[in-house]
Amino acid sequence: MSQEWTTARRAMMTGVAFAALSACNEPFDLDLRDNVNGFDTSRAVQELPGRPRPDDRGVISYPNYQVVVAQRDDTIRGIAIRLGLDADELAEYNGIEPDVILRRDEIIALPGRVPEPSTGTGQPLDVAAVATTALDRADANGGVTTTPLDPVTPAAAPAAAPQPAQGGAEPIRHQVARGETVFALSRLYKVPVRSIAEWNGLDSEFTVREGQYLLIPQAGATPVAAAPQQVTAPGAGTQTPVPPSATTPLPDETPSAPLPVTAIPDAPDIGTTAPTPASSGARFSRPVEGSIIRAYAPGRNEGIDIGAAAGTPVKAADAGSVAAVTNNTSGVAIVVVKHNDGLLTVYTNIDDLAVSKGDNVTRGQTIGKVRAGDPAFLHFEVRQGLKSVDPTNYLP
């Protein structure tokens with residue numbers, strides 16, 4: 001499997017398992033203070049600023065870009081009319097149709113800059129300049145004829161108040177790629193999920209779309225990046241150490257005594273039927289039969305991948321209630337089942353779902369079928385609270 005698919009699936013499964021926990025009865029910490037895989041955002045929660053207040057048009061201006069905070073029942077077309085922009089261009093830039101109703105406080109990125117500031121930013125709005133611009137546009141289309149007026153000497157105007165500085169460091173403007181989730185971005189930038197949701201007006205499911213722009217609040221932090229690797233010329237890498245035997249000769253070998261000859265046991269009677277083994281007593285039953293083609297590796301693979309033919313029924317590992325049924329941005333179905341001891345089982349890469357959120361399932365009940373692929377497999381996870389655990393410790 002490609003590295004891109006592996007990364008996307010890891011981010012997807014981390015996000016889905018956490019989102020499923022929000023539907024459970026236990027308290028759920030959106031700031032991930034439980035230090036999942038060494039990731040602790042409790043300090044960042046205290047240091048991150050709140051989102052600056054937009055001006056009267058909904059615009060927030062930063063040195064390198066501008067965004068608009070959507071109002072109630074706003075659309076891309078409404079924002080474009082309000083700012084004098086092309087609706088289709090603005091919609092394409094943000095990966096959304098022009099007439100889709102936006103969530104209140106949703107962030108819309110501007111492809112260029114609009115005049116700033118307005119009355120909402122603490123400085124007066126130049127009404128004459130705005131009116132002149134509008135008349136010039138209309139006159140260019142042949143729709144308005146203007147007559148110059150006698151000049152009027154205006155009274156001295158008070159000095160404009162300085163525009164208030166935006167709170168905190170300029171946030172990172174991140175465009176959502178296919179397969180990314182808010183939880184993956186939280187881990188990438190080490191910013192709490194709650195802060196990203198509040199800054200961008202996300203819904204309770206933390207839904208994002210491909211092509212959407214998000215503001216990532218910063219407290220002087222930068223995205224996590226891999227450390228640069230030093231490249232050396234061929235043959236100039238790490239020097240091979242000199243073995244001790246090169247300076248000190250090895251001691252003379254003393255041949256060991258031969259091993260005693262052991263008797264060869266008689267061959268078993270293959271005509272006798274072996275007794276049926278007793279129940280393994282494992283906590284969960286296997287959701288599908290097959291070989292594990294990718295093992296559990298915390299931080300890289302939060303579960304196991306079990307190879308199985310496409311269309312193979314996927315069974316619930318134990319009785320419980322369906323806590324979540326959802327899809328990622330690639331359309332891959334995900335089912336999360338909550339069990340009576342607080343454990344969660346997560347199933348993905350499945351089709352033909354046979355359950356819905358809130359359904360009660362029994363041990364061994366079919367919840368879907370293995371999705372076609374090359375290779376076809378089921379991804380299966382077991383979680384204790386927010387932490388993934390090795391599923392093989394719970395399977396026969």
Within the side chain of [X], is there an N or O that forms a donor-acceptor pair under 3.5 Å with the backbone of [Y]?
| X | Y | result |
| --- | --- | --- |
| S186 | V191 | yes |
| Q175 | G211 | yes |
| Q212 | R209 | yes |
| N393 | V389 | no |
| E302 | G299 | yes |
| R371 | V332 | no |
| N360 | S321 | no |
| E180 | A177 | yes |
| N200 | A197 | no |
| H339 | A319 | yes |

Electrostatic pair [X]:[Y] at N-O distance under 4.0 angstrom:
| X | Y | answer |
| --- | --- | --- |
| R103 | D74 | no |
| D105 | R51 | yes |
| E381 | R383 | yes |
| D351 | K369 | no |

query: Under the criterion ring-ring contact (aromatic ring centres under 6.0 Å, His included), which of Y296, Y347, Y394 is the partner of F380?
result: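 Only one of Y296, Y347, Y394 forms a ring-ring contact (aromatic ring centres under 6.0 Å, His included) with F380, namely Y347.
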
To check you understand the geometry: which heavy-atom pair defines the closest contact between [X] and [Y], and what is its length?
| X | Y | value |
| --- | --- | --- |
| A109 | Y93 | O-CD2, 3.6 Å |
| P375 | I293 | CG-CD1, 4.1 Å |
| P396 | A282 | N-CB, 3.5 Å |
| V288 | A308 | CG2-CB, 4.3 Å |
| D86 | A80 | C-CB, 4.1 Å |
| I76 | L102 | N-CD1, 4.1 Å |

Counterpart residues, salt bridge (charged side-chain N to carboxylate O under 4.0 Å, His left out), relative to D341 (two or more places apart):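 In terms of salt bridge (charged side-chain N to carboxylate O under 4.0 Å, His left out), with neighbours along the sequence ignored, D341 is linked to R283.
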
Can you tell me how far [atom2] of [Y] sits from [atom1] of [X], rounded to the nearest 0.5 angstrom?
| X | Y | atom1 | atom2 | result |
| --- | --- | --- | --- | --- |
| E97 | E92 | CD | CD | 10.0 Å |
| T75 | I108 | OG1 | CD1 | 9.5 Å |
| L185 | K190 | CG | NZ | 15.0 Å |
| I172 | H174 | CD1 | NE2 | 9.5 Å |
| R286 | T392 | CZ | OG1 | 9.5 Å |
| L344 | S388 | CG | OG | 11.5 Å |

Taking a hydrophobic cluster as the set of Ile, Leu, Val, Met, Phe, Trp and Tyr residues connected by side-chain heavy atoms closer than 4.5 Å, whether directly or through intermediates, do [X] and [Y] fall within one such cluster?
| X | Y | answer |
| --- | --- | --- |
| V69 | Y65 | yes |
| L343 | I304 | yes |
| F206 | Y213 | no |
| V325 | V337 | yes |
| V100 | I81 | no |

Taking the side chain as everything from C-beta on, heavy atoms only, tell me whether [X] gets closer than 4.5 Å to [Y].
| X | Y | result |
| --- | --- | --- |
| D318 | S285 | no |
| I306 | S291 | no |
| V208 | L214 | yes |
| V322 | V336 | no |
| Y62 | P171 | yes |
| V370 | V314 | yes |
| L83 | V59 | yes |
| L85 | L110 | yes |

field: Donor-acceptor side-chain pairing of K315 and T366 below 3.5 angstrom
entry: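 Judged by distance alone, the side chains do pair up.
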
- request: Carefully, step by step, assess I216 and I196 under the rule side-chain contact (heavy atoms from CB on, under 4.5 Å).
  value: CA-CA 6 Å; I216 310 297; I196 298 177; 4.2 Å; yes

- prompt: More than 12 non-hydrogen atoms from neighbouring residues, nucleotides or ligands closer than 6.0 Å to CD on Q71, yes or no?
  reply: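 More than 12 within 6.0 Å, yes.
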
query: Are H379 and D305 close enough, and set up right, to give a side chain to side chain donor-acceptor pair (under 3.5 Å), and what steps lead you there?
result: CA-CA 5 Å; H379 181 82; D305 296 344; 2.6 Å; yes

- prompt: Are I107 and V68 close enough, and set up right, to give a side-chain contact (heavy atoms from CB on, under 4.5 Å), and what steps lead you there?
  reply: CA-CA 6 Å; I107 294 297; V68 177; over 6 Å; no

message: Run R173 and N64 through side-chain contact (heavy atoms from CB on, under 4.5 Å) and show every step you take.
response: CA-CA 10 Å; R173 191 176 65 167; N64 296 305; over 6 Å; no

message: Evaluate V355 against Q365 for side-chain contact (heavy atoms from CB on, under 4.5 Å), listing each step before the verdict.
response: CA-CA 10 Å; V355 293; Q365 178 179 333; 4.2 Å; yes

